[in-house]
Amino acid sequence: MQCYTEIAPPTAVSHAVHLPFIAPRAHNLVVARNSLLQIFELKSTVTGAAAAESASPLLDAEAVDLPLQRTEHTAKLVLVGEYPLAGTVLSLARVKVLNTKSKADALLVAFRDAKLSLVEWDPETYNLHTISIHYYENPDLPGLSPWSTELKDTYNFLTADPANRCAALKFGVHNLAILPFRQRDVFDEEDDFDMDAQKDARMQDANGTAPEPKTPYSASFVLPLTSLDPTLTHPVHLAFLHESREPTFGIIASSKATAPSLLPERKDHLTYTVFSLDLGDKSSTTLHTVQGLPYDLTSVVPLPSPIGGALLLGSNEIIHVDVAGKTTGVAVNEFAKSSTSFSLKDQTDLALHLEGCSIELLSQDSGDVLIILNDGRLLTLTFTLDGRTVSGMTVQRVAAEHGGHVLKSAASCISNLGRGRIFVGSEDGDSVLLGWQAAGKSGALGRKASEVGTDDDMDVEEDEVDDLDDDLYNDTAPAVKKITAAAAEPTAPGSYTFRIHDTLPSIAPIKDVILHTDAAAQYPTTGEIMIACGRGAAGNITALNREINLTNLAQIDLPSAKGLWAVHARKQAPGGITADFGEDTEANFSVDADYDQYLVVSKTDEDGSENTVVYEVSGKELEETSKGDFEREEGSTLSVGTLAKGTKIVQIMQSEARTYDSGKLGDCGLVFQPN
Amino acid sequence: MTLVSSVIAALFSNPTKSQTELNMEQIITMEDEDGNEELRIINATFADPYMLILRDNSSAKLYQASGDGEVEEVEADGLASTQWLSATLYKSSASAEIYTFLLTHQGGLHVSFDSKRR
């Protein structure tokens with residue numbers, strides 16, 4: 001029943017994922033605002049004082065190389081499309097499926113009612129296209145009893161295999177729905193095998209029935225976790241791990257419920273088990289188990305190479321489990337000692353509250369990890385490596401002068417966009433595109449500072465350069481050795497600097513509303529609706545208006561004016577420099593072009609005589625000018641326009657058109673009459 | 001040689017800020033096919049470097065600003081042979097092509113674009 005009108009769409013960002021969605025090489029960020037899905041594209045702009053002083057883009061680009069190196073590249077998020085969804089988004093995952101319409105990756109969206117939707121981009125309709133919908137709300141699931149928690153109250157989440165073999169939705173008390181995706185080699189095998197059988201099939205189908213198109217996924221199945229291991233009755237969190245031959249996931253679970261009140265009795269009963277899944281047989285193998293984990297662990301964060309394994313995140317400690325099952329942990333506050341007897345390195349002087357924190361891989365090379373606390377402060381987690389195994393971890397605060405305090409609210413989601421950019425979404429305040437730079441290196445950003453060109457192409461080129469470098473080494477072993485040698489020592493504190501590149505404004509959560517429609521709004525401080533929104537340091541008062549308010553800068557009376565034209569006249573490029581004519585007018589209006597501004601007014605006096613007046617615009621003043629040969633007396637002007645990149649002014653009169661120059665240096669214009 | 005001399009003259013003549021002088025360069029008169037009467041202009045649209053002018057005898061003429069500083073008429077047979085009710089040029093910042101939209105008296109819409117541009 002729609003008995004309300006939405007006047008402002010949802011602005012709190014709940015989930016974000018980075019994937020090539022629009023095109024195979026695009027850099028898209030898909031942001032879910034609970035029930036609204038937005039697709040962004042990343043564009044790079046050059047900012048900084050030096051850019052404004054540089055000469056017109058028409059001139060030789062090499063001459064402006066020097067000043068531009070002092071500027072910085074800022075990334076901007078550009079909205080491609082937004083789509084309201086029927087349902088609340090629970091999780092987003094990036095999956096690579098075969099034969100998508102855009103040839104890029106697809107998006108798997110999990111909704112609150114145990115529903116999965118596989119979505120791709122359709123470039124023809126410029127819209128989302130649903131490939132398939134899967135729902136698992138089934139009252140006949142084994143293990144469901146009348147007293148077990150309802151589907152909407154359990155902790156449901158989605159996790160996807162980084163190698164795109166399958167995705168798993170954990171729903172209910174301890175059920176796992178697994179959706180396998182077809183892989184390309186499976187297709188090829190079938191094609192090569194039975195050529196004859198295929199031909200026969202086609203002959204049969206010649207009767208008129210078309211062969212069924214294959215779906216990009218195989219049949220999904222529901223696996224109660226207790227069938228993997230009877231002790232997994234209380235799962236906490238699970239995630240698929242990187243770099244494995246079969247789909248492998250690590251799960252934190254216990255056979256008893258966790259409770260801080262029962263610490264004297266139930267201490268360290270959580271276990272972390274890694275299972276390898278066989279999708280064909282629907283069976284699993286246990287790879288290794290870690291027991292005696294602290295009660296407050298909440299999530300599994302898988303790490304790619306060179307570190308590998310997974311991070312187990314708790315409120316008082318962080319534990320790393322590598323691929324062999326070896327653990328290293330660090331305690332970050334005093335409660336860790338009293339709540340667990342797991343061996344942890346002591347960093348309790350940090351006194352951190354890890355509740356509600358978000359973790360994301362910062363740099364693939366060094367394996368460093370970014371942690372955002374629930375008040376927005378930034379921390380880095382760095383590993384000490386002994387050869388290829390992790391021997392220790394260190395948590396370091398990011399100082400305020402390195403951008404450690406740029407964020408004002410907790411993060412609800414965090415996504416690494418690559419090349420030094422991280423998107424941090426928040427439900428308590430504005431969402432932010434954060435850029436980071438490792439100190440001491442100019443980084444990929446500095447290297448390209450001298451190229452002015454189109455920024456989209458530049459991003460693609462950087463990608464290609466990186467790929468070429470990787471291909472030089474056919475086997476990855478020497479490359480991995482290089483990386484781990486560099487990262488053997490923990491990264492020094494203060495080596496990362498963070499900066500905000502772009503913001504997605506948010507008015508969530510709205511605490512209080514006042515309607516102010518009667519009194520006139522004093523733009524910009526008050527508006528028709530005043531709301532108190534944001535949480536904590538991101539709290540603010542926002543004014544909402546239905547219309548754009550204009551500020552009157554100046555008012556000048558032009559009596560009996562019939563027509564008005566503003567003329568941007570530019571001086572012609574000095575002879576010798578060939579400029580392409582007809583380039584887009586944006587170049588004409590760029591900051592660095594040199595302008596003379598004229599206002600041409602066509603007037604009709606009361607006695608019927610028509611004339612034209614030319615005013616020169618200087619700041620907010622209009623000054624009548626009698627410069628030049630502009631035709632003023634003989635007739636009214638129908639229109640005024642510019643040609644030849646703004647260097648020629650054309651005055652259309654009743655029966656002829658006249659062109660005027662706009663300051664060709666030193667040379668006065670020729671009068672040329674065509675016949 | 002003339003190019004070099006005008007550059008040198010430019011370097012030594014004017015002060016730093018050049019003023020637009022609004023000196024007249026060309027007068028383009030509106031005449032019909034026979035070259036007899038003067039036609040009134042109904043409407044003119046601009047899309048750098050083109051200018052499309054519609055006259056009161058329902059004929060349209062297309063002009064182009066060439067690189068050497070002159071505005072010349074562009075020969076377009078389809079344009080000259082038809083009677084038009086309305087004509088306009090269109091250029092979007094998304095593409096480099098310039099389109100003309102022309103409406104005939106019978107209500108037909110003709111769209112053409114400049115395909116030689118890059």
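Convention: sequence-line order gives letters A, B, ...; per-chain numbering from 1.
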Supply the atom-to-atom distance [X] [atom1] to [Y] [atom2], rounded to the nearest 0.5 angstrom.
| X | Y | atom1 | atom2 | value |
| --- | --- | --- | --- | --- |
| B:Ile53 | A:Leu638 | CD1 | CG | 10.0 Å |
| B:Leu39 | A:Gln654 | CG | CD | 12.5 Å |
| B:Leu54 | A:Ile652 | CG | CD1 | 11.5 Å |

(request) Evaluate the side-chain proximity of A:Met653 to B:Ile41: yes if any heavy-atom separation is below 4.5 Å, no if none is. (result)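 A side-chain contact under 4.5 Å is absent here.
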
(message) Is the shortest side-chain heavy-atom distance between B:Phe46 and A:Val650 below 4.5 Å?
(response)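 Yes. Closest side-chain heavy atoms under 4.5 Å.
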
(request) Locate the shortest heavy-atom distance separating A:Ser639 from B:Ala44; write the atom from each residue and the value. (result)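 That would be OG-O, 4.2 Å.
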
(message) Tell me the closest heavy-atom pair linking B:Tyr50 and A:Leu643, and the distance in Å.
(response)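 The answer is O-CD2, 3.3 Å.
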
(message) Checking A:Ala75 now: which residues fulfil side-chain contact (heavy atoms from CB on, under 4.5 Å) with it, not counting sequence neighbours?
(response)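 Listed in chain order: A:Leu42, A:Arg421, A:Leu433, A:His501.
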
(request) Go through the structure and list residues passing ring-ring contact (aromatic ring centres under 6.0 Å, His included) with B:Trp84, not counting sequence neighbours. (result)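 Applying ring-ring contact (aromatic ring centres under 6.0 Å, His included) to B:Trp84 gives B:His110.
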
